[in-house]
Amino acid sequence: TSPLYVYKSTFSGRLLHHQSENTVFGVLSVIFWTLTLIPLLKYVYIVLSADDNGEGGVFALYSLLCRHAKLGLLPNQQAADEELSTYYNKDYLNKHSDGSPLRKWLEKHKRMRTSLLLVVLFGACMFIGDGVLTPAISVLSSISGLQVRANKLQDGVVVVIACIVLVGLFALQHVGTRKVAFMFAPIVILWLLCIAAIGIYNIVVWNPRIYKALSPYYIYLFFRETGKDGWISLGGILLCITGTEAMFADLGHFTSVSIRVAFSCVVYPCLVLQYMGQAAFISKNLATIPTSFYASIPKPVFWPVFVVASLAAIVASQAVISATFSIVKQCHALGCFPRVKVVHTSRWIYGQIYIPEINWILMVLCLAVTVGLQDTTLIGNAYGIACMAVMYVTTWLMALVIIFVWDRNVLFGLVFLLFFGSIEAVYISSSYIKVLQGGWLPLVLSAVFMFVMYIWHYGTRRKYLLDVQNKVSMKWILTLGPSLGIVRVPGIGLIYTELVTGVPSIFTHFVTNLPAFHQVLVFVCVKSVPVPYVAQDERYLIGRIGPKSYRLYRCIVRYGYKDVPKDDDSFENNLVMSISEFIQMEAEGSASFDGSADGRMAVVRDSDRQRTWVVVSESNNTNEGIEEISPVRSSKSDTLQSLQSFYERESLRGSRRSHVRFEIPDADYLDQDVKEELMELVEAKQAGVAYVMGHSYVKARRNSSFLKKFAIDVAYSFLRKNCRRPAVTLNIPHISLIEVGMIYYV
């Protein structure tokens with residue numbers, strides 16, 4: 001949709017003093033070669049090849065670097081994570097050498113790894129800025145076409161109409177987009193064919209000589225005649241490549257081959273024809289530059305094209321908004337963004353999500369930009385800075401991917417960086433001249449989001465390090481005996497922790513105040529790994545803590561940075577099945593264990609199971625399922641059991657969830673100890689599951705500096721109080737939740 005506003009933004013400054021045919025030809029030449037070198041050559045033919053298991057964007061590049069060069073900062077990573085099927089690309093596995101001096105230098109210095117993360121977060125913040133600016137400039141530019149036919153229509157009325165469209169766009173994010181998504185492709189195809197046809201018409205009618213401008217010689221003439229004014233105008237020309245980064249970020253919904261074919265055969269030629277046609281029209285009608293796109297449309301087809309342009313602007317806005325949701329989700333997976341609600345918006349397209357909090361924040365900011373600036377030129381100045389900053393970050397990351405992931409000579413990465421980086425640096429330098437003319441906006445937005453991300457990452461990491469320091473030693477656990485020195489009551493207790501080894505201090509804090517716990521204890525760690533997706537049969541990593549008689553287990557649930565935990569009741573059942581399969585694998589000696597300090601961990605795969613020792617039966621009758629569980633002895637009182645039954649009936653009303661019952665077949669081949677352990681597990685599941693989490697308060701130490709006290713006691717505390725609680729993001733049923741108060745002095 002860039003043809004709507006590129007020429008207007010380009011000629012908005014001092015370039016107005018150079019209105020001539022040669023100047024128009026020079027601008028077209030710069031646009032053509034920019035389109036050819038950046039989107040076509042750099043992104044379509046080079047960067048798209050650096051996908052992370054089909055995913056694109058700055059986080060995909062960063063994820064590749066973290067896995068192949070160990071540049072990540074995620075705290076609770078394990079050697080077992082490297083055994084994931086999506087961890088290494090089969091084309092690059094074992095091809096890279098560990099002896100690269102540059103690799104060793106980056107891995108050795110933590111400050112360099114931290115700087116790399118900050119660069120990635122800066123790119124993410126600028127992309128979030130795109131999510132604010134793209135709807136504003138696209139919708140406002142398309143609606144402003146009304147002024148071509150309605151000359152008396154004031155700018156204020158156009159802004160009001162644009163705001164109404166924007167409110168409708170953001171309001172329909174949750175319920176409307178998936179129902180009209182089938183129209184997006186036809187709208188875009190119709191839009192591209194329209195602008196190509198209009199371009200051809202204008203070339204034939206107004207200036208057939210325009211094809212000469214494709215020669216780079218006109219770039220030389222352009223800068224020779226315009227000088228500094230031509231360099232400043234690059235801030236408007238770069239708008240012709242906005243959306244290129246979104247094309248790479250949305251790679252997960254398509255394939256690299258489909259994008260290459262679509263862009264090379266349809267998008268690129270249609271855009272070139274439109275820019276040529278618009279330039280041909282402007283060369284003979286210099287006074288129409290502020291509305292050149294709509295002015296160049298033949299009168300008989302003006303209103304149909306206006307409608308298609310408005311719809312195309314909405315589709316373009318939708319694409320960037322969806323990509324912004326995905327970026328925020330990935331920031332959260334890295335531990336760099338507060339907890340937010342993530343909702344699946346498509347039953348068929350995996351990874352298409354909606355984040356209510358971010359949606360309304362984007363809407364408010366987008367309306368503020370539209371009402372505050374009211375001019376596509378000023379918004380374009382801000383938009384250009386945001387887009388070029390993200391592209392520049394991608395260039396640096398791509399150079400590292402060429403060296404570390406593709407295992408090419410450092411010279412190849414350096415050539416890529418110098419060639420494309422120098423082109424983008426020229427555009428960035430011209431953009432920052434316009435900081436006072438709207439260009440300050442993405443800088444302020446990125447600074448705010450960077451502050452939020454850094455504070456959240458800093459506070460979360462300090463809390464994790466304190467958890468690691470205060471974890472309980474296994475010697476203390478072993479000295480307590482099988483009963484752990486407390487009363488073991490029926491049921492399963494799930495203790496949530498961020499630790500992948502050791503026993504968290506929350507456990508000792510709980511049993512010190514209430515010396516009783518469930519007969520089966522499972523320490524659950526839900527963590528992110530630097531891959532886009534984790535297959536379901538690789539998600540659960542199960543291990544045992546201490547001797548078998550202790551009935552202590554550890555379950556590590558692994559999610560990729562684009563995985564979204566589903567809001568259903570299958571987690572408990574999957575957990576019980578995974579533990580039973582672990583017991584089976586352990587008894588048969590078929591498990592490949594990951595050595596750890598407090599026990600052995602094994603990946604439980606459904607495909608590895610020859611025969612199952614626990615049989616699962618389902619019943620769609622909710623009341624029947626509850627009655628089956630009630631005869632089993634439970635640690636809950638009769639009142640609490642009746643409350644839970646009522647809660648389950650209410651939560652299941654209107655849904656088709658089925659209750660699952662576990663049974664152990666009476667088989668002679670089962671070892672008595674194994675059968676006894678499985679029986680205890682099944683009985684504990686039927687008795688009920690309790691979730692234990694820490695309700696933590698993080699405070700700075702008294703001797704901390706003022707900045708640290710402000711960061712922890714004010715900023716981090718504010719974010720924690722105003723974001724989603726951990727129990728909500730993990731879909732833990734409220735009636736089964738036990739929270740343990742903990743104070744962390746960091």
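- Within the structure, the side-chain hydrogen bond (donor to acceptor under 3.5 Å, both in side chains) test picks out the following pairs touching residues 285-296 (sequence neighbours left out): Gln278-Ser292.
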Contacts table for residues 159-166: side-chain donor-acceptor under 3.5 angstrom, sequence neighbours left out:
none

Cut-off 3.5 Å, no hydrogens considered: what does the side-chain donor-acceptor table look like for residues 138-145, sequence neighbours left out?
| residue | atom | partner | partner atom | Å |
| --- | --- | --- | --- | --- |
| Ser138 | OG | Thr134 | O | 2.8 |
| Ser141 | OG | Ile137 | O | 2.6 |
| Ser142 | OG | Ser138 | O | 3.2 |
| Ser142 | OG | Val139 | O | 2.8 |
| Ser144 | OG | Leu140 | O | 3.4 |
| Ser144 | OG | Ser141 | O | 2.6 |

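- Applying the salt bridge (Lys or Arg N to Asp or Glu O under 4.0 Å) test to pairs two or more places apart or on separate chains, none has a residue in residues 259-283.
- For the side chain to side chain donor-acceptor pair (under 3.5 Å) test, residues two or more places apart in sequence or in another chain that qualify with Tyr561 are Asp52.
- Sorted by first and then second residue, the salt bridge (Lys or Arg N to Asp or Glu O under 4.0 Å) pairs with a member in residues 215-226 form an empty list; sequence neighbours excluded.
- With sequence neighbours excluded, the residues forming a ring pair (Phe, Tyr, Trp, His ring centres under 6.0 Å) with Phe420 are Phe416, listed by chain and number.
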Got a list of side-chain donor-acceptor pairs under 3.5 Å for residues 23-34, not counting sequence neighbours?
| residue | atom | partner | partner atom | Å |
| --- | --- | --- | --- | --- |
| Thr23 | OG1 | His18 | O | 2.6 |
| Thr23 | OG1 | Ser20 | OG | 2.9 |
| Ser29 | OG | Ala213 | O | 3.0 |
| Ser29 | OG | Ser215 | O | 3.0 |
| Trp33 | NE1 | Leu214 | O | 2.9 |
| Thr34 | OG1 | Val30 | O | 2.6 |
| Thr34 | OG1 | Tyr427 | OH | 2.4 |

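- Remark: Tyr201 pairs with no residue by the ring pair (Phe, Tyr, Trp, His ring centres under 6.0 Å) rule, at least two apart or across chains.
- Note on residues 379-397: no pairs pass salt bridge (Lys or Arg N to Asp or Glu O under 4.0 Å), not counting sequence neighbours.
- Partners of Tyr268 under the side chain to side chain donor-acceptor pair (under 3.5 Å) rule, at least two apart in sequence or in another chain, are Thr36.
- With sequence neighbours left out, the ring pair (Phe, Tyr, Trp, His ring centres under 6.0 Å) criterion links Trp440 to no other residue.
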